Amino acid sequence: MTTQIELRLDMSDKKFGQANTSNETVIKWANEMAALCQPDNIFWCDGSEGEKSELTAQALQQGILTTLNQEKLPGCYYHQSNPNDVARVEQCTFICTETREEAGPTNNWAPPKEMYEKLYSLFRGSMKGRTMYVIPYLMGPLGSPLTKVGVELTDSIYVALSMRIMTRMGKAAYEQLRNRADFNRGLHSMLDLNPERRFICHFPQDNTILSVGSNYGGNVLLGKKCLALRIGSCLARKEGWMAEHMLILGVESPEGEKTFVAAAFPSACGKTNFAMLVPPQRYEGWKVWTVGDDIAWMKPGPDGRLYAINPESGYFGVIPGTNSKSNPNAVKTISRDTVYTNAALLSDGDVWWEGKDGPVPSECVDWRGNRWTPESKEKAAHPNSRFAVPMMNNPVVAPEVNDPQGVPISAIIFGGRRANTIPLLFQAFNWGHGVYLGATMGSEMTAAAVGGVGQVRRDPMAMLPFCGYNMGDYLAHWLHMQRLMKSPPQIFHVNWFRKDDSGNFLWPGFGENMRVLKWIVDRCRGRVGAKESALGWMPRIEDFDLNGLQGFGPEQFEKVQAINSEEWKKEILLHQELFMTLRDTLPKELIFEKELLVSRI
Ligand code: SAT
Ligand code: MN
């Protein structure tokens, strides 16, 4: 069924360039949308190196990219966005289904007909004087049964260049699609970047995305949050798999034993850092490999385990705070072939940001283009400034990253940014309890989305802004998935961000998170102990490796693991509040889980 409206288009006069695909559905749709948007030209992307040079040269000429110091940063460019367009805008993001119930209480909803009409009227003539880029792309490795094809039409050359980093873009997508029509249709126009006319609309029934009025990452790189998560979660529910806001990493022991884990943290809570973790000195011989840093598509395999792929092929990571302590692999990764958006600029064509290695410069040009000095009140780099870089640059990219089978997941980790209440580490008693932990996750909001920075909000599975259907049904799907797996992953909860009364972090974090990972891996493999607590299984002091950890002993461990029943009474009330919001579709199992938690506390 389609909810598309009828468009009266004049297809007569324009003759656009030759398509580079024989897929009739793609050609017809691209031509129709061109007749609507009326670009001067159509550019059919093929993903080649020559095309990259051509588009880069054009973007430089138009001032959309600036060349950075090619000796220090070969292949790197700089982009400054409109100051009103620097993050995802959740209030402008809509799920357009026939009924409000399908979208559920946590999404903005509008009827498809209304939104098609409204957005098509904005698209009419919106690309006059511009080029329309036709971007075929794959989400997932070529030939994987989990991979999906998308085609994005956009009038932004920045989007075209970024999509080629973030996705497997070009001819390969047409190869996978052949003559089928089941590709995701994405249409994007910047219009005049007016926030009043900014809409990101998803039409799950039609596998369609319409985005207008923005040129910022998550709003416009339509393969990422829009297809891989919002539309992806709808497809996943229908087809019996999971589309999740999760990093994927592999832990390799000195003996060569590999264990893969997936972890859901909200935006800007350290997924990229964790996915690229460098084990501390004490863990000589151990390696952590990155499969993905943001999105996991997971499906039960024939052996009853859950297999995951990273549908993306690049990282769109937060720049500020990236340094050789927080993420040494990212520092190497972004030293070439990177597009930097909204960082600060140095006079020698290098980039700078708060928390970069080395001294603070005596002056630079901030992300808005103004002169900045250390006395300036504002940040030099926008807190949500981002790098876009091919994943193959990562020195620890997992060898399995292009494997169509994906990797078998042994553990799923949930975590938020919480100054209090939540201990460093515990393990769910079972799958249903694990789903409860994910469902009731809370986190302090970050600069990744507009508004509310620092406030704690419930963010089930870190999917609150990304679930494309009713959140209660999504939680039911999670519970249901257990039945499709003989050996489901173990579920854990972590919090790197707990603070003491003076506001200091209790846990050193970064590379030391390897110790947490080690306990998780050993639990999955049944070779380390735990004690039962009100929250779940917790490592006893003798189960957790504290060796060689400066300034952190049993006393600190006890503090970071403490369960404060007063805090938990408040916390449970907030779980209850979320459940009230979801009451129409919330699975009963989760209400029982809450009762069990109450009785244990
Ligand atoms: O803006 S993005 O959605 O691409 C990044 C994020 O918020 O996780
Ligand atoms: Mn994300």
Side-chain angles (χ1 to χ4, degrees), residues 79 81-82 84-93 137 139 150 152 154 156 158-159 161-163 165-167 186 188 198 200 202 209 211 213-233 243-249 262-276 290-297 310-322 330 339-342 382-389 391 413-417 441 443-453 457 459-468:
H79 173 76
S81 73
N82 186 310
N84 77 29
D85 187 31
V86 293
R88 281 182 292 101
V89 275
E90 294 175 5
Q91 65 278 21
C92 309
T93 303
Y137 64 95
M139 295 311 284
E152 176 166 357
T154 177
S156 164
Y158 170 75
V159 168
L161 283 163
S162 302
M163 284 296 281
I165 295 174
M166 297 305 300
T167 71
H188 165 245
R198 187 168 290 161
I200 300 98
H202 305 72
I209 304 156
S211 168
S214 173
N215 198 30
Y216 166 77
N219 300 330
V220 299
L221 307 178
L222 299 184
K224 197 175 179 57
K225 306 296 164 134
C226 300
L227 170 51
L229 291 178
R230 297 196 191 96
I231 297 281
S233 59
E244 301 300 331
H245 192 202
M246 291 180 180
L247 67 94
I248 309 164
L249 62 79
F265 310 153
S267 299
C269 288
K271 281 198 298 298
T272 306
N273 292 352
F274 191 45
M276 298 170 101
T290 319
V291 180
D293 81 325
D294 195 38
I295 296 170
W297 281 359
N310 169 15
E312 300 188 281
S313 71
Y315 309 138
F316 188 65
V318 178
I319 301 174
T322 303
V339 177
Y340 289 86
T341 299
N342 293 341
H382 188 275
N384 193 41
S385 51
R386 298 264 169 173
F387 54 75
V389 64
M391 67 178 177
I413 306 173
F414 293 116
R417 181 184 285 272
M441 233 170 93
S443 193
E444 292 155 25
M445 288 176 72
T446 68
V450 175
V453 172
R457 72 167 176 186
D459 188 352
M461 276 79 178
M463 282 288 278
L464 183 70
F466 307 121
C467 182

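Atoms within each ligand, like the ligands themselves, are counted from 1 in listed order. What you see is a predicted model, and the numbers here were worked out from it, not measured in a lab.
- Here the Mn ion (ligand 2) has protein N, O or S atoms under 2.8 Å from it, and they come to 3.
- Residues V86 and N342 have side chains in contact (heavy-atom distance under 4.5 Å, counting atoms from C-beta outward).
- With a 4.5 Å cut-off on side-chain heavy atoms, V318 and T272 do not count as touching.
- The main-chain N or O of V291 is found under 3.5 Å from a side-chain atom of N310 such that the two form a donor-acceptor pair.
- By the side chain to side chain donor-acceptor pair (under 3.5 Å) test, N82 is found to be paired with N84, residues two or more places apart in sequence or in another chain being considered.
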With the criterion set at N/O pairs under 3.5 Å, what does the list of contacts between the protein and ligand 1 look like, atom names and distances included?
residue, atom, partner, partner atom, Å
ligand 1, 1 (O), Y216, OH, 2.8
ligand 1, 1 (O), G218, N, 3.3
ligand 1, 3 (O), R88, NE, 2.9
ligand 1, 4 (O), G218, N, 3.3
ligand 1, 7 (O), R88, NE, 2.9
ligand 1, 7 (O), R88, NH2, 3.0
ligand 1, 7 (O), S267, OG, 3.0
ligand 1, 8 (O), K225, NZ, 2.6
ligand 1, 8 (O), S267, OG, 2.8

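- Checking N215 against S156 by side-chain atom types alone, a donor-acceptor pair falls below 3.5 Å.
- At a threshold of 4.5 Å between non-hydrogen side-chain atoms, the residues Y216 and S81 do not count as touching.
- Classification of the Y158-H79 ring pair by plane angle, with boundaries at 30° and 60°, yields parallel.
- In this structure, the salt bridge (charged side-chain N to carboxylate O under 4.0 Å, His left out) partners of R88, at least two apart in sequence or on a different chain, are E90.
- Both cation-pi conditions hold for K225 and F466: the charged atom is under 6.0 angstrom from the six-membered ring centre and inside a 45 degree cone around its axis.
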